[in-house]
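Each remark here refers to the structure printed beneath this line.
Chain identifiers are assigned alphabetically (A, B, ...) following the order of the sequence lines, protein sequences preceding nucleic acid strands; residue numbering begins at 1 within each chain.
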There are 2 protein chains.
Amino acid sequence: MTPPSRHITLKDLARELGVSTASVSNAFNRPDQLSPRLRERILSEAQRLGYQGPDARARTLRTGRSRIIAVVLAETLTYSLNDAVSSELLTGIAEVLDDHGHTLLLLSGRQPGSRQTSGTASMADGFIVYGLMPSAMLLNELPSQRPLVAVDFNIDGQPMVHIDNEPASHDIACHALATPPRRIGVLTLRLTETPCNGRVTEEQPWLTAERTITRARLDGFHRAFAEHGIDPASVPVWNIEENTHDVCAPVIASILDLPDDERPDLLLCMSDRIALTALTLAEQRGLRVPEDLRLTGFDGIAEGQYRAPRLTTIRQDSVEKGRVAARMILGLEAPRAQLLRTELIVGDSCP
Amino acid sequence: MTPPSRHITLKDLARELGVSTASVSNAFNRPDQLSPRLRERILSEAQRLGYQGPDARARTLRTGRSRIIAVVLAETLTYSLNDAVSSELLTGIAEVLDDHGHTLLLLSGRQPGSRQTSGTASMADGFIVYGLMPSAMLLNELPSQRPLVAVDFNIDGQPMVHIDNEPASHDIACHALATPPRRIGVLTLRLTETPCNGRVTEEQPWLTAERTITRARLDGFHRAFAEHGIDPASVPVWNIEENTHDVCAPVIASILDLPDDERPDLLLCMSDRIALTALTLAEQRGLRVPEDLRLTGFDGIAEGQYRAPRLTTIRQDSVEKGRVAARMILGLEAPRAQLLRTELIVGDSCP
DNA sequence: CTGAAAGCGCTTACAG
DNA sequence: CTGAAAGCGCTTACAG
């Protein structure tokens with residue numbers, strides 16, 4: 001008869017068995033440190049008494065390791081969980097963590113980081129930080145001693161994983177320009193210092209290349225324009241603040257609803273989400289893709305490859321990006337700046 | 001000159017300032033427990049010495065609360081992060097947790113739960129378990145004393161959040177049957193005990209209604225069939241194991257490629273993902289929707305409402321489901337069985 | 001192969 | 001308002 005104590009601890013179990021706490025701990029953690037017979041006895045008694053194994057909280061304090069890796073997302077969790085690209089990144093991270101007995105804690109850099117949340121952050125053994133940080137705040141609140149890997153942006157001396165944004169963008173722009181367009185439009189993501197959904201004017205200051213990958217992508221487009229005798233300054237740019245259908249749609253509608261002689265017949269989009277939204281809105285307006293409007297995307301998400309017309313885009317392997325970041329944070333790979341390759345996919349939206 | 005010690009603790013800081021550790025702790029946690037002046041002095045010295053605040057690991061052990069809630073997903077993380085419905089659920093959970101200073105730990109029930117991962121599970125203050133469990137294993141390894149909420153399935157005495165699957169399915173089937181079809185087909189998700197991608201035969205044992213929501217949905221269809229004078233046993237059922245394009249496609253292709261006089265002209269699908277895949281494959285084959293083939297989905301995901309033809313479906317509010325589960329787990333709402341309402345959306349795929 | 005003991009870094013009654 | 005002290009539940013040298 002065991003009195004069903006509120007909560008049985010390793011110490012209780014040791015007392016019950018008449019062995020030391022060290023032996024109980026070893027029975028669970030280091031089988032080689034005690035005789036099989038004793039181990040068996042401990043384990044079966046544990047089961048009988050409903051002891052589930054050493055408490056993770058105490059273990060974590062004692063060993064200094066929680067086996068938790070935190071992913072700090074620049075966007076809201078809502079966005080990050082629903083966006084194909086960041087889902088893939090998380091997938092890759094989760095895969096590696098899982099294989100190595102670690103788990104994933106999700107943090108968002110968007111909430112101003114109530115003390116509580118950033119307090120919890122210090123549970124993690126390491127941090128993977130993804131995307132443009134709205135402020136350095138949360139970053140400064142992270143425990144400074146623990147490993148950190150940045151993904152898709154740069155933190156001074158820290159290791160990072162990123163892709164060749166400029167050359168990739170140059171490639172896809174060159175592909176598109178091989179068939180001379182009458183009028184080009186560029187659709188960017190988070191380019192301007194202050195939020196802007198719509199046409200970008202000369203006066204608006206831009207975010208630095210350190211803070212947003214958009215700059216590098218735009219540079220790639222501009223280099224391609226110049227090589228094809230097009231003045232980059234002559235190509236209109238529309239900016240979109242969030243890579244979701246609902247935010248993209250009004251901006252794109254405003255472009256597609258321009259008079260025929262002002263509407264671009266080639267739209268270079270900085271994400272597949274933007275390009276797909278353009279595709280849907282074009283279809284609704286009876287504009288044929290690619291005959292009346294050619295479209296290019298970026299990312300190579302599944303949704304763009306499953307529907308007709310298939311998107312012409314740059315495929316990046318976000319899952320692999322996640323894997324690499326996770327391996328670095330676990331120390332399975334040397335922490336350094338690692339550049340992943342991308343690939344041009346020629347689909348039907350811009351043959 | 002502070003010797004940049006490896007790691008400064010609350011105790012170090014107290015010693016440095018000549019105050020007790022209690023005061024330092026209070027300075028961070030209970031401002032009302034000490035004079036503003038002392039608090040100011042402690043906080044500024046902390047900043048100067050680079051003390052980031054009380055260590056979450058120690059705090060967690062001491063207080064017994066980690067401010068971490070674990071979500072245990074029946075599917076792989078890869079699937080869960082990329083599926084629209086479970087992403088939405090996570091979104092709702094994250095929203096509430098965030099608002100209350102908690103963070104989200106992601107666990108998958110699919111990996112057989114290496115001791116390590118299930119050990120980490122015990123860091124969490126509570127558990128939200130989502131979807132059909134492949135085995136009771138992980139569930140048994142969760143700390144039995146802590147709160148748990150089940151979503152979309154039933155664990156004996158535990159609180160749960162779910163939807164009215166049977167009536168909702170009945171509704172949409174009735175809507176579809178209002179226009180008499182020549183031949184009906186039903187596409188289920190995880191219906192059979194043993195994995196099956198394709199036509200379900202009489203002999204295959206089915207999962208119980210306790211374990212899969214598919215049973216309740218099928219019951220709703222069958223009730224509608226009976227009410228319309230159709231023998232449920234005469235309607236063929238195809239099963240799909242995973243709600244992804246790649247797994248759906250071959251099964252659906254096999255249906256669409258049946259001879260004209262065997263191919264259903266109405267497909268009742270248990271998810272929008274299935275219905276959308278059917279839509280794409282139908283288009284590729286030159287089948288017109290809804291003229292040649294009518295389709296209904298389930299879930300009401302965004303992707304199905306943004307493209308043409310819009311999906312006829314049952315909308316469930318997965319975000320809200322997540323919110324409710326999170327509120328229950330945080331004790332903001334009484335833990336009980338809570339049923340959320342759904343809504344029939346009549347789109348173009350089955351007008 | 002086994003056990004006694006220290007200590008991980010905090011928080012919280014409690015006494016002053 | 002402040003401080004001395006106990007203890008959360010473990011793991012890990014270390015001695016036997």
side-chain contact (heavy atoms from CB on, under 4.5 Å) partners of S144(A), counting only residues at least two apart: Q52(B)
Residues forming a side-chain contact (heavy atoms from CB on, under 4.5 Å) with I213(B), sequence neighbours excluded: D152(B), N165(B), R217(B)
Between dC1(D) (C1') and E40(B) (CD): distance, integer Å: 17 Å
Set of side-chain contact (heavy atoms from CB on, under 4.5 Å) partners for L43(B), sequence neighbours left out: A27(B), F28(B), R39(B)
R146(B): side-chain contact (heavy atoms from CB on, under 4.5 Å) partners, not counting sequence neighbours: D55(A), R57(A), S122(B), F127(B), P143(B)
For residues 329-340 of chain A, tabulate all N or O donor-acceptor pairs below 3.5 Å that involve a side-chain atom, not counting sequence neighbours.
from, atom 1, to, atom 2, distance (Å)
E333(A), OE1, R327(A), NE, 2.8
R336(A), NH2, Q338(A), OE1, 3.0

Intra- and inter-strand pairs of DNA chain C in dot-bracket (Watson-Crick or G-U wobble, both distances under 3.5 Å; | for another strand): |||.||||||||.|||
E40(B) bridged to R37(B) by N-O distance under 4.0 Å: no
Under the side-chain hydrogen bond (donor to acceptor under 3.5 Å, both in side chains) test, residues paired with E45(A) that sit two or more places apart: R48(A)
Atom-pair distance (CZ on R15(B); C1' on dA4(D)), nearest Å: 15 Å
Nucleotide-resolved protein contact map, nucleotides 6-16 of chain D, B/S/- at heavy-atom distance under 4.0 Å: BBBBBBB----
dG3(D) phosphate, OP1 or OP2, under 4.0 Å from S23(B) side-chain N/O: yes
Show me the side-chain donor-acceptor pairs of residues 81-90 of chain A shorter than 3.5 Å, one per line, residues at least two apart or across chains.
from, atom 1, to, atom 2, distance (Å)
N82(A), ND2, T78(A), O, 2.6
N82(A), ND2, T91(B), OG1, 3.1
D83(A), OD1, Y79(A), OH, 3.3
D83(A), OD1, N243(A), ND2, 3.3
D83(A), OD2, V85(A), N, 3.2
D83(A), OD2, S86(A), N, 3.1
S86(A), OG, S80(A), O, 2.8
S87(A), OG, L81(A), O, 3.2
S87(A), OG, D83(A), O, 2.8
S87(A), OG, L81(B), O, 2.9

